[in-house]
Asker: 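Quick one: the structure is below, and I'll ask about it shortly.
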Amino acid sequence: MTDTPINLDELRERIDHLDGDILRLISERAECAKQVAEIKTKADPDTVFYRPEREAQVLRRIMALNKGPLDSEEMARLFREIMSACLALERPIKVAYLGPEGTFTQQAALKHFGESAISLPMAAIDEVFREVEAGAANYGVVPVENSTEGVVNHTLDSFMDSSMRICGEVVLRIHQHLLISHNTRRDKVSRVYSHPQSFAQCRKWLDAHFPSAERVPVASNAEAARLVKSEWHSAAIAGDMAAKLYDLEKIAEKIEDRPDNSTRFLIIGNQDVPMSGEDKTSIVVAMRNQPGALHDLLEPFHRHQIDLTRLETRPSRTGVWNYVFFIDFKGHCEDPVVEAVLEEVRLRAAELKVLGSYPMGVL
């Protein structure tokens with residue numbers, strides 16, 4: 001365009017100059033991170049470098065300061081990667097997740113810890129817990145609930161027998177795609193592989209577009225993508241990571257029946273997390289089997305105006321027709337009001353276990 005007020009070469013020169021400034025500042029930040037590591041290590045050789053509450057505070061601050069034109073969440077994701085790379089200079093984080101490679105759980109792990117974390121795929125949820133308990137991984141990432149299909153019972157049950165603490169949460173928008181390999185004849189697709197939950201999330205779309213195709217459930221979406229790679233008449237329902245990992249083509253994108261389809265994942269570890277300013281607490285409570293037990297459990301939360309965000313029941317392992325309650329609520333267990341509520345609940349309950357207080361998901 002002839003009426004461009006600034007010369008294109010001038011703009012490119014300006015961008016090159018800004019890139020140099022960004023590079024210098026990131027390097028300075030990395031040097032500061034190395035100095036922090038040295039100071040911490042001298043004070044305590046077994047110190048914990050990753051601080052969930054500190055990271056949440058930094059990302060919230062970045063989002064609050066952002067003036068655009070980049071979206072605040074996009075800006076926070078950029079800073080997450082910078083922080084991940086700097087943390088790796090101090091000590092790389094090992095993160096166990098429900099595998100195999102290419103699953104939504106791995107995507108959630110990378111969203112929370114950044115690409116510089118070392119991700120370790122596990123075959124089952126209880127293996128993720130064992131890996132962290134044994135110290136082979138610093139943290140674990142496990143799914144806990146989906147907005148369409150509800151809770152993941154294996155995760156809740158694992159907390160009953162584990163000493164693991166919840167250190168954080170991450171919510172991932174789940175986009176399902178129909179994938180084929182390069183040698184698939186798309187007009188001959190007669191079989192679709194996927195995880196049972198993905199089939200449930202895409203049921204209406206499949207009924208409308210592939211009503212006659214055989215639906216074959218497999219252990220994970222990544223496994224579905226792997227199987228399709230070697231077949232000419234099959235398709236898979238999976239996400240972006242699996243498509244990229246196995247070099248598959250998307251012939252239909254975002255086929256989930258509900259556009260707000262999301263899954264919440266929990267970060268498990270061995271540490272108690274201090275207050276970040278915007279926190280959640282998760283507890284599991286066993287009540288005595290008597291009339292009004294549920295009312296007695298919930299009444300202190302109502303009286304102290306504490307916001308419950310989730311309430312689930314699971315069969316107790318101590319007796320037939322006995323149940324335990326999993327409760328998430330806003331607030332931190334170090335807050336005096338929350339402390340008072342938990343003390344009241346402890347007096348009324350047969351057993352109370354605090355699974356952890358942690359920052360509310362930022363991204």
Side-chain angles (χ1 to χ4, degrees), residues 6-97 101 105-120 137-139 141 167-173 240-241 244-245 265 267 269 271 273-278 358-363:
I6 302 177
N7 183 278
L8 184 59
D9 289 336
E10 292 177 352
L11 282 174
R12 287 172 173 165
E13 185 178 344
R14 174 65 174 153
I15 288 174
D16 288 344
H17 179 75
L18 290 171
D19 286 345
D21 289 343
I22 292 170
L23 175 62
R24 175 179 54 79
L25 291 170
I26 291 176
S27 296
E28 286 184 17
R29 191 191 194 285
E31 284 295 335
C32 286
K34 289 175 66 177
Q35 293 176 26
V36 167
E38 292 170 1
I39 292 172
K40 284 184 175 181
T41 304
K42 286 181 180 178
D44 179 9
D46 299 320
T47 188
V48 176
F49 290 105
Y50 175 66
R51 298 283 300 277
E53 80 287 357
R54 168 65 178 160
E55 185 161 302
Q57 290 166 348
V58 170
L59 293 177
R60 289 174 192 150
R61 177 175 173 271
I62 293 301
M63 294 174 75
L65 290 174
N66 182 44
K67 304 294 184 182
L70 287 180
D71 177 82
S72 291
E73 286 199 11
E74 190 64 39
M75 186 65 75
R77 278 192 284 271
L78 290 172
F79 271 81
R80 168 82 80 194
E81 291 302 329
I82 293 172
M83 295 164 70
S84 176
C86 290
L87 187 61
L89 288 176
E90 301 174 37
R91 184 181 297 164
I93 291 180
K94 294 182 179 179
V95 182
Y97 67 91
E101 190 178 1
T105 310
Q106 184 186 23
Q107 189 175 336
L110 295 178
K111 179 181 179 182
H112 188 83
F113 290 99
E115 296 283 346
S116 296
I118 300 171
S119 54
L120 309 170
N138 304 108
Y139 299 95
V141 181
C167 301
E169 66 172 3
V170 56
V171 177
L172 190 67
R173 180 65 61 86
D240 290 311
M241 285 198 71
K244 183 177 180 181
L245 179 65
F265 300 83
I267 314 302
Q271 69 194 96
V273 181
M275 287 190 287
S276 74
E278 296 179 40
Y358 48 92
M360 293 175 63
V362 179
L363 294 174

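The first residue in the sequence is number 1, and the count goes up from there.
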Asker: Of the non-hydrogen atoms in G168 and Y358, which two are nearest, and what is the gap between them?
Answerer: N-CB, 3.5 Å

Asker: Could you tell me whether the side chain of P359 reaches within less than 4.5 Å of the side chain of V273, counting heavy atoms only?
Answerer: yes

Asker: State, to 0.1 Å, how close A88 and P92 come at their nearest heavy-atom pair, and which atoms those are.
Answerer: O-CD, 3.5 Å

Asker: What pair of heavy atoms forms the shortest contact from R51 to P274, and how long is it?
Answerer: NH2-CG, 4.3 Å

Asker: Look up atom CZ in R173 and atom NZ in K111, then write down how far apart they are to the nearest 0.5 Å.
Answerer: 9.0 Å

Asker: Locate the shortest heavy-atom distance separating F265 from A108; write the atom from each residue and the value.
Answerer: CD1-CB, 3.5 Å

Asker: Roughly how far, to the nearest 0.5 Å, is CG of L120 from CD of E101?
Answerer: 11.0 Å

Asker: When you measure from the side chain of E81 to the backbone N and O of E115, does any donor-acceptor pair fall under 3.5 Å?
Answerer: yes

Asker: Just grab all the ring pair (Phe, Tyr, Trp, His ring centres under 6.0 Å) pairs involving residues 42-74, residues at least two apart or on different chains.
Answerer: Y50-F113, Y50-Y139

Asker: Measuring from M63:CE to D71:CG, what's the distance to the nearest 0.5 Å?
Answerer: 7.5 Å

Asker: Applying side-chain contact (heavy atoms from CB on, under 4.5 Å), run through D9 and R12 and close with a yes or a no.
Answerer: CA-CA 5 Å; D9 289 336; R12 287 172 173 165; 4.2 Å; yes

Asker: Tell me, with the steps shown, if D16 and E13 meet side-chain contact (heavy atoms from CB on, under 4.5 Å).
Answerer: CA-CA 5 Å; D16 288 344; E13 185 178 344; 5.5 Å; no

Asker: Is the shortest heavy-atom distance from the side chain of I118 to the side chain of I93 under 4.5 Å?
Answerer: no

Asker: Quick one: pull up OG1 in T105 and CG in L110 and give me the separation to the nearest 0.5 Å.
Answerer: 11.0 Å

Asker: Looking at every heavy atom in both R60 and M360, which two are closest together, and how far apart are they?
Answerer: NH2-O, 3.5 Å

Asker: Keeping the roles fixed (side chain from S276, backbone from Q57), state whether a donor-acceptor pair exists under 3.5 Å.
Answerer: no

Asker: When you look at N138 and R91, which way does the side-chain contact (heavy atoms from CB on, under 4.5 Å) test go after all the steps?
Answerer: CA-CA 11 Å; N138 304 108; R91 184 181 297 164; 5.7 Å; no

Asker: For G361, is there any backbone N or O sitting under 3.5 Å from a side-chain donor or acceptor partner on E169?
Answerer: yes

Asker: Between atom CG of L87 and atom OG of S116, what is the distance when rounded to the nearest 0.5 Å?
Answerer: 8.5 Å

Asker: Heavy atoms, side chains only, cut-off 4.5 Å: are P52 and Q271 in contact?
Answerer: yes

Asker: Is the closest side-chain heavy-atom distance between M83 and R29 below 4.5 Å?
Answerer: yes

Asker: Measuring only between side-chain heavy atoms, which start at C-beta, is R61 closer than 4.5 Å to L65?
Answerer: yes

Asker: If you measure from CD1 on I62 to CE on M75, what distance do you get to the nearest 0.5 Å?
Answerer: 8.0 Å

Asker: Do the charged groups of E73 and R77 touch, with an N to O distance under 4.0 Å?
Answerer: yes

Asker: May I have the step-by-step check of side-chain contact (heavy atoms from CB on, under 4.5 Å) for V141 and I267, ending in yes or no?
Answerer: CA-CA 5 Å; V141 181; I267 314 302; 3.8 Å; yes

Asker: So which heavy atom on A117 is nearest to which on V95, and how close?
Answerer: CB-CG2, 4.2 Å

Asker: Sequence neighbours left out, cut at 3.5 Å: what donor-acceptor pairs do the side chains of residues 37-44 make with other protein atoms?
Answerer:
| residue | atom | partner | partner atom | Å |
| --- | --- | --- | --- | --- |
| T41 | OG1 | A37 | O | 2.7 |
| D44 | OD1 | D46 | N | 3.1 |

